[in-house]
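Here's the structure we're looking at; comments come further down.
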Amino acid sequence: MRRAYIGLGANQGDREETLGSALEAIRSLERSAFVAVSPFYVSAPIDAEGPDFLNAVAAIDTELEPYGLLLHLLDIELMLGRKRRSSGGERKPARKVDLDLLLVGDFIVRSTPLTLPHPRLHQRAFVLRPLLDLEPQLHLPGLGPGSDFVVQVESQRIERAPAAGADSASPTVTPSA
């Protein structure tokens, strides 16, 4: 089993309900055990259109290989109504749901369908802050301690969502089976 971290985001429709449904689907992934979810955060879109995002990070322990896990996440997005389309420019369109595979163990992968660690995860407060809520001493493979990057994202607007989905005071942990 390897620890994997999944970024969750939504900025269309009922964001809390969508992320809740995504978390339920992640909890039921084959050959995987749900570990925890960070508090939910509200963040300003970066290089994206639409209203503020609701974000969180989930941790799972999994036997799935990174590409297999990515395919499951893409299936969950499709099931929840994500329509992948090219925006034709730098800005990404608003999204009902966005699931990003951030890390899988110590894997470093550089391929067309998958890059691990996720590119820019260390440059985005909406990923870094909830990720470090789950694992404050997290080492980002090929990059170093995650906490080293916090100062670089301080100017990005992010705040804990009041009483949204996950407990707003601390990560929700489910013991592994």
message: Working note: Leu29 + Thr62, criterion side chain to side chain contact (heavy atoms under 4.5 Å, CB included); need CA distance, chi angles, decisive distance, verdict.
response: CA-CA 9 Å; Leu29 285 173; Thr62 187; over 6 Å; no
field: Backbone N/O of Ile26 and side chain of Ser28: donor-acceptor pair under 3.5 Å
entry: no
task: Please tell me if the side chains of Val97 and Ile76 come closer than 4.5 Å, counting only heavy atoms from C-beta onward.
output: no
message: Between Val127 and Leu102, is there a side-chain heavy-atom distance shorter than 4.5 Å?
response: yes
query: Any idea which heavy atoms bring Leu64 and Ser32 closest together, and the distance?
result: CD1-OG, 3.7 Å
- request: Hey, could you give me the OG1/CG distance between Thr115 and Asp100, rounded to the nearest 0.5 Å?
  value: 11.0 Å
field: Side-chain (Arg31) to main-chain (Glu63) donor-acceptor, under 3.5 angstrom
entry: yes
- prompt: So do the side chains of Asp52 and Arg15 get within less than 4.5 Å of each other, counting heavy atoms only?
  reply: yes
- request: Quickly, which of Gln123, Gln156, Arg157, Arg120 forms a side chain to side chain contact (heavy atoms under 4.5 Å, CB included) with Ile46? Name it, please.
  value: Gln156
message: I'd like to know whether CG of Asp75 has more than 12 heavy-atom contacts from other residues, nucleotides or ligands below 6.0 angstrom.
response: yes
- request: For residues Ala58 and Leu134, report the shortest heavy-atom separation together with the two atoms involved.
  value: C-CD1, 4.2 Å
- request: Please list, chain by chain and in numerical order, all residues satisfying side chain to side chain donor-acceptor pair (under 3.5 Å) with Ser111, sequence neighbours excluded.
  value: Tyr67
- prompt: Does any non-hydrogen side-chain atom of Arg124 lie less than 4.5 Å from one of Asp47?
  reply: yes
- prompt: Between CZ of Arg3 and CD1 of Ile60, what distance do you get to the nearest 0.5 Å?
  reply: 9.5 Å
task: Give a yes or no answer on whether the side chain of Arg160 reaches the backbone of Phe40 with a donor-acceptor pair at less than 3.5 Å.
output: no
query: Looking at Val42 and Leu54, what are the two nearest heavy atoms and their distance?
result: CG2-CD1, 4.1 Å
Pair up each side-chain donor or acceptor in residues 136-153 with any protein partner under 3.5 Å, not counting sequence neighbours, and list the distances.
none

field: Distance in Å, Lys96 NZ paired with Thr18 OG1, rounded so as to fall on 0.5 Å steps
entry: 4.5 Å
query: Who pairs with Glu17 by side chain to side chain donor-acceptor pair (under 3.5 Å), at least two apart in sequence or on another chain?
result: none
- line: Taking every heavy atom of Leu8 against every heavy atom of Ala22, the minimum-distance pair comes out as CD2-CB, 3.8 Å
task: Go through Glu65 and Arg2 one step at a time and tell me if the salt bridge (Lys or Arg N to Asp or Glu O under 4.0 Å) criterion holds.
output: CA-CA 9 Å; Glu65 293 302 318; Arg2 286 180 287 276; 3.1 Å; yes
statement: Gly9 and Asn55 have their tightest heavy-atom pair at CA-ND2, 3.6 Å
- prompt: Say you draw a straight line from NE2 of His118 to CD1 of Ile6; how long is it, rounded to the nearest 0.5 Å?
  reply: 12.0 Å
Closest approach of Gly50 to Pro45 (non-hydrogen atoms, all atoms of both residues): O-CG, 3.4 Å
query: How many angstroms lie between atom CG of Asp133 and atom CG of Leu128, to the nearest 0.5 angstrom?
result: 10.0 Å
- prompt: Roughly how far apart are Leu73 CG and Glu77 CD, rounded to 0.5 Å?
  reply: 7.5 Å
field: Donor-acceptor contact present, side-chain Ser38 to main-chain Val57, <3.5 Å
entry: yes
